[in-house]
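Written out below as structure tokens is the structure these notes cover.
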Amino acid sequence: MIGQLNHVAIAVPDLKKASDFYRTTLGALVSDPQELADHGVKTVFVELPNTKIELITPLGDNSPISLFLEKNPDGGIHHFCYEVANMQESVNQLNAIGIRILGDGNPKIGAHGKPVVFLHPKDCLGTLIELEQI
Ligand code: CO
């Protein structure tokens with residue numbers, strides 16, 4: 001079902017500081033910030049030759065990552081994103097075996113303008129998994 005690792009996301013308290021760290025200290029290519037109101041986050045992508053790192057910080061009052069940052073004030077690894085060829089097929093397969101999809105169970109449009117879903121960490125070895133249709 002899953003293909004390439006699309007990105008690893010790190011939740012950060014300060015997006016500017018985090019971007020500077022990747023750009024200046026680690027010498028990576030860092031995108032401009034993007035606000036994803038639907039997801040309650042502001043993101044930046046670090047472009048690596050074989051994958052991406054997504055830096056995310058809360059946007060608005062009800063951000064789904066606010067609690068994570070309360071528990072991890074310095075930031076921390078938040079989710080992994082794997083590519084899938086057919087989102088509906090993947091969602092149907094996962095539903096059939098009882099793996100929970102977060103939210104209303106339907107894909108939302110993610111940071112790359114493609115459909116994404118998040119899978120419940122309790123059903124996925126304690127990790128939050130994002131699936132993105134490529
Ligand atoms: Co992501």
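Throughout, numbering of the chain's residues begins at 1 and tracks the sequence. Both ligands and their constituent atoms are indexed starting at 1 by order of listing.
Among the backbone and side-chain atoms of C81, no N/O/S atom is found under 2.8 Å from the Co ion (ligand 1). The Co ion (ligand 1) lies under 2.8 Å from an N, O or S atom belonging to H79.
Rounded to the nearest 10 degrees, the angle OE1 (E54) to the Co ion (ligand 1) to OE1 (E130) equals 180°.
Annotation: H7 is not in aromatic contact with F80 [ring centroid separation under 6.0 Å not met].
With a 4.5 Å cut-off on side-chain heavy atoms, L67 and I65 do not count as touching.
Hydrophobic clustering places V84 together with V8 (ILVMFWY residues linked when any side-chain heavy atoms are closer than 4.5 Å, directly or through intermediates).
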task: Applying side chain to side chain contact (heavy atoms under 4.5 Å, CB included), run through F118 and H79 and close with a yes or a no.
output: CA-CA 9 Å; F118 287 88; H79 65 265; 3.9 Å; yes
